Structure formats: structure tokens, C-alpha cells
Amino acid sequence: MRRDVFQAIADPVRREIIELLAEETLTVNTIAEKFEISRPAISKHLKILKECDIIDFKKEGRERLCFIKPKNLIPAFMWIEKYKQLWEDQLDSFDKYLNKLQSEKK
């Protein structure tokens, strides 16, 4: 199964793992300790993030360190940025409409 960045960020647990790894490289155990779900569930999320090429692992002694590959998140940020202006324009238009309604009531 081919996975992409959008599958990586689709799940809130994976987004939280990405946030943690954006701050520092962590062991699999350290990541698992930060969640109230099972270690196998965390391993599954990490596997998906690896398949999406968002994280990678490095063996250090007996530990597996997880680190983020931030450049691989760029397609998601570019897609979101494309729609950001659209939403800002819509919100500005709605704000103007509400202000017009308020001024008409006065």
C-alpha cells in the first residue's frame, strides 16, 4: 500500500507524534509513555509515519530513536496554504456582512 503525507497527518495521534518529534528525537519507549494507548498501537502509528516517509529510525545501542523528516511535510503545508487565503477571504466577507447588519440595526 502506497502512503502519503496526508495519511500521516489524518490521525490525531500521528499529528501529536509529529509534534513531539518536531521538538526532539525520541525513543519509541519515550513516545509510547506520552500516550494512554498501547505500545503496539503506538508502533502501528510509527510504522505508518515511516511508510509515509515522515519519520525514520536510528539504532543507538538497544534503543530505536525516532526522528522527523520535516521536508516531507512540505506537500501538506503547501496544500493547506493554498486554501488559507480562500478561508481568510470568506471570513473577511462574513465579518463585513455582520458589521453591515449591526450598523443597519442602529
Side-chain angles (χ1 to χ4, degrees):
M1 170 186 256
R2 176 141 167 74
R3 298 190 186 269
D4 64 20
V5 66
F6 298 100
Q7 287 175 308
I9 64 173
D11 185 275
V13 171
R14 290 194 292 273
R15 287 193 304 269
E16 195 170 335
I17 291 171
I18 290 168
E19 285 182 43
L20 290 169
L21 293 175
E23 294 176 16
E24 63 183 316
T25 298
L26 298 169
T27 65
V28 173
N29 287 331
T30 303
I31 294 169
E33 290 169 2
K34 297 186 181 286
F35 294 88
E36 292 185 14
I37 59 176
S38 69
R39 167 74 193 270
I42 290 297
S43 292
K44 184 176 179 183
H45 285 295
L46 293 173
K47 179 181 177 197
I48 292 169
L49 290 170
K50 168 85 170 118
E51 290 171 358
C52 296
D53 205 28
I54 302 299
I55 68 164
D56 211 343
F57 300 100
K58 180 173 77 171
K59 195 94 163 133
E60 196 169 279
R62 294 183 349 186
E63 294 287 348
R64 276 186 8 164
L65 296 174
C66 299
F67 62 93
I68 194 163
K69 298 169 77 176
K71 72 176 174 68
N72 294 337
L73 289 167
I74 291 172
F77 290 121
M78 290 177 64
W79 186 83
I80 291 166
E81 187 64 30
K82 186 168 68 171
Y83 292 97
K84 178 182 170 193
Q85 190 61 50
L86 172 71
W87 280 105
E88 286 177 354
D89 291 346
Q90 294 293 322
L91 291 172
D92 288 344
S93 176
F94 185 63
D95 189 45
K96 287 177 187 173
Y97 174 73
L98 290 177
N99 287 333
K100 180 182 173 193
L101 286 178
Q102 282 183 330
S103 65
E104 288 175 359
K105 284 185 178 182
K106 292 179 182 179

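Since the model is a prediction, treat every value here as computed from it, not as a measurement.
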Sequence neighbours left out, what passes side chain to side chain donor-acceptor pair (under 3.5 Å) with Ser43? Give chain and number order.
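Residues passing side chain to side chain donor-acceptor pair (under 3.5 Å) with Ser43: none at all.
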
Please name all residues satisfying side-chain contact (heavy atoms from CB on, under 4.5 Å) with Asp92, sequence neighbours left out, ordered by chain then number.
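Asp92 satisfies side-chain contact (heavy atoms from CB on, under 4.5 Å) with no other residue.
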
Can you check whether [Y]'s main-chain N or O pairs, donor with acceptor, with [X]'s side chain at less than 3.5 Å?
| X | Y | value |
| --- | --- | --- |
| Glu104 | Leu101 | no |
| Arg14 | Ile9 | no |
| Asp95 | Leu98 | no |

Atom pair [atom1]/[atom2] of [X] and [Y] - distance to nearest 0.5 Å:
| X | Y | atom1 | atom2 | answer |
| --- | --- | --- | --- | --- |
| Glu36 | Ile42 | CD | CD1 | 11.0 Å |
| Ile68 | Ile55 | CD1 | CD1 | 8.5 Å |
| Leu73 | Asp53 | CG | CG | 10.0 Å |
| Glu63 | Leu26 | CD | CG | 11.0 Å |
| Leu46 | Ile17 | CG | CD1 | 4.5 Å |

Are the side chains of [X] and [Y] in touch, meaning some heavy atoms are under 4.5 Å apart?
| X | Y | result |
| --- | --- | --- |
| Asn29 | Arg39 | yes |
| Asn72 | Val5 | no |
| Lys58 | Arg64 | no |
| Ile54 | Leu21 | no |

Evaluate side-chain contact (heavy atoms from CB on, under 4.5 Å) for His45 paired with Phe35, printing each intermediate quantity in order.
CA-CA 12 Å; His45 285 295; Phe35 294 88; over 6 Å; no

Under the 4.5 Å side-chain heavy-atom rule for ILVMFWY, direct or indirect, which residues accompany Ile48?
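Answer for Ile48: none, a lone residue.
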
Just wondering, are more than 12 heavy atoms of other shown residues or ligands nearer than 6.0 Å to CZ in Phe77?
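Check fails, neighbour count at 12 or below.
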
Tell me if the NZ atom of Lys69 is crowded by more than 12 foreign heavy atoms within 6.0 Å.
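Yes, the 6.0 Å shell around NZ holds more than 12 heavy atoms from other groups.
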
